[in-house]
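Order of the sequence lines sets the chain letters (A, B, ...), proteins ahead of strands, with each chain counted from 1. For the numbers below, each heavy atom of this structure counts, side chains included, while hydrogens, waters and symmetry mates do not.
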There are 2 protein chains.
Amino acid sequence: MDSPGDNPSARPTGDRLSAAQERFVATWGQMGSTWGISRTMAEVHALLYITGEPMCTDDVMERLAISRGNASMSIRSLVDWGIVTRTHKRGDRKEYFQAEQDVWSLLQAIVRERMKRELQPVLASLYEIRDLTASPERSGEVQPEVKTAAHHARIDGMIDLVRTLEQMGEKLVELPKEQLQALAQQIAEPLG
Amino acid sequence: MDSPGDNPSARPTGDRLSAAQERFVATWGQMGSTWGISRTMAEVHALLYITGEPMCTDDVMERLAISRGNASMSIRSLVDWGIVTRTHKRGDRKEYFQAEQDVWSLLQAIVRERMKRELQPVLASLYEIRDLTASPERSGEVQPEVKTAAHHARIDGMIDLVRTLEQMGEKLVELPKEQLQALAQQIAEPLG
DNA sequence: CTGAGATTTCAGAAATTTCTGAAACATCCA
DNA sequence: TGGATGTTTCAGAAATTTCTGAAATCTCAG
């Protein structure tokens, strides 16, 4: 019996360690959902992170009480994000999954992906929007030129902002993680 | 006629400036929704930002084709976030709303609020979770001590991460905005 | 006070997101 | 090759979020 992964971390055992894990999973899931990540996906990540050891799909299903489909999709997303990796156990055909344990690597992966998915497309759109009112076609134009100029200034402001964020993110991602923590401290500490 | 705010920016006029505004609103709304902000709230903000001038609730309703209730709630949220301010027109009992036009102030306000709402509570929970397995109660404990130690190390890692993010955010928020852009550049540019 | 205009609130409706479960698919071994 | 085990997919169901519209509340001028 005890089929899934024969993994002692797979089931909550009612002790205080398990209670703490459960609370962590809930907290992380809650946070994820306020940042636009599906609650379950964040919970799966939290579970893999906090148990520390590889778990198979059935372990995750059982522990979080979710369906196979949901577990499969969530895990695949986490793998796509690069914060969970597939592993195997010898003599076991099942796939096991393991969360990145270094929080700085985690941060880098998250920043990398969110930039790619959510910042770069916005920047591209902003450039397109600016081109929409580029400059020619000034015959019978309805809006006075000053309005267009002010509009351009606003778009440029946003472009500045997004581009700066992107550059900061890039820096964060490129930096080897030993230096990352140092940079973080440097930014966080000196006043200005 | 032309009741609402007698505001020429209130209605799309079919020219290319309006087209560009519309695209901007859509882009911003899309981005907001992927970052856990309601699409409409982000759209209202985008509209107020890109038109630059104060608009009343009816203007917003008409321009975005949304209900009074929705407009009212969205605007109030933006005011609560501190990125939209109430203004008045003399001889007009209606309230008008205006978006912060400086993108660095905008960034500061957003960071300030997200930290308060989404980061600080998480940090508080993480501390609580750590205390859950503090150390006494070592009689008939189910889990071996090494497991608890490893668990603590993981929680501490997350606390480190979240605390660093919080400190970085605080710095960003405290910094006068002239220095902010400079800091952003400094982080973005030098390699390391 | 009174009432016209402006704003807020919130119960239910609509839209969107997320989840389930079973079928299709893949892989490995005998 | 057949079938046992494991994984993915996806149409519909369920849950959650967001929106509407009308009633309640507020505000101010007369």
Check whether any side-chain N or O of A/Arg76 sits under 4.0 Å from OP1 or OP2 of D/dT9, and answer yes or no. yes

Taking for A/Arg86 and for B/Asn70 the nucleotide of DNA chain D with the nearest heavy atom, the one nearer the 5' end belongs to A/Arg86

5'-most contact on DNA chain C (nearest-nucleotide basis), A/Gly69 vs A/Ile37, goes to A/Ile37

Test item: [X] side-chain N/O and [Y] main-chain N/O as donor-acceptor pair under 3.5 Å:
X        : Y        : result
B/His152 : B/Thr133 : yes
A/Ser72  : A/Gly69  : no
A/Glu43  : A/Trp28  : no

*Quick one: sort the B/Trp35 and A/Trp35 rings into parallel, tilted or perpendicular, breaks at 30° and 60°.*
perpendicular

Gap between atoms [atom1] and [atom2], on [X] and [N] respectively (whole Å):
X       : N      : atom1 : atom2 : answer
B/Tyr96 : C/dG5  : OH    : P     : 15 Å
B/Glu62 : D/dT20 : CD    : C1'   : 18 Å
B/Lys94 : D/dA29 : NZ    : P     : 15 Å
B/Arg39 : D/dT20 : CZ    : P     : 13 Å
A/Asp59 : D/dT7  : CG    : P     : 11 Å
B/Met41 : D/dC19 : CE    : C1'   : 15 Å
A/Leu64 : C/dC19 : CG    : P     : 11 Å
B/Ile66 : D/dG21 : CD1   : C1'   : 13 Å

| field | Check against side-chain contact (heavy atoms from CB on, under 4.5 Å), A/Glu95 and A/His88 | value | CA-CA 5 Å; A/Glu95 288 186 303; A/His88 292 274; 3.6 Å; yes

Notebook entry, point to check: If you take atom types as modelled and just measure distance, does the side chain of B/Arg93 reach the base of D/dT27 with a donor-acceptor pair under 3.5 Å?
Noted result: yes

Of the options [options], whose atoms approach the side-chain atoms of [X] most closely?
X       : options              : value
A/Arg68 : D/dT7, C/dA6, D/dT20 : D/dT7
B/Ser72 : D/dT18, D/dG6, C/dT8 : C/dT8
B/Met73 : C/dG21, C/dA6, C/dT9 : C/dT9

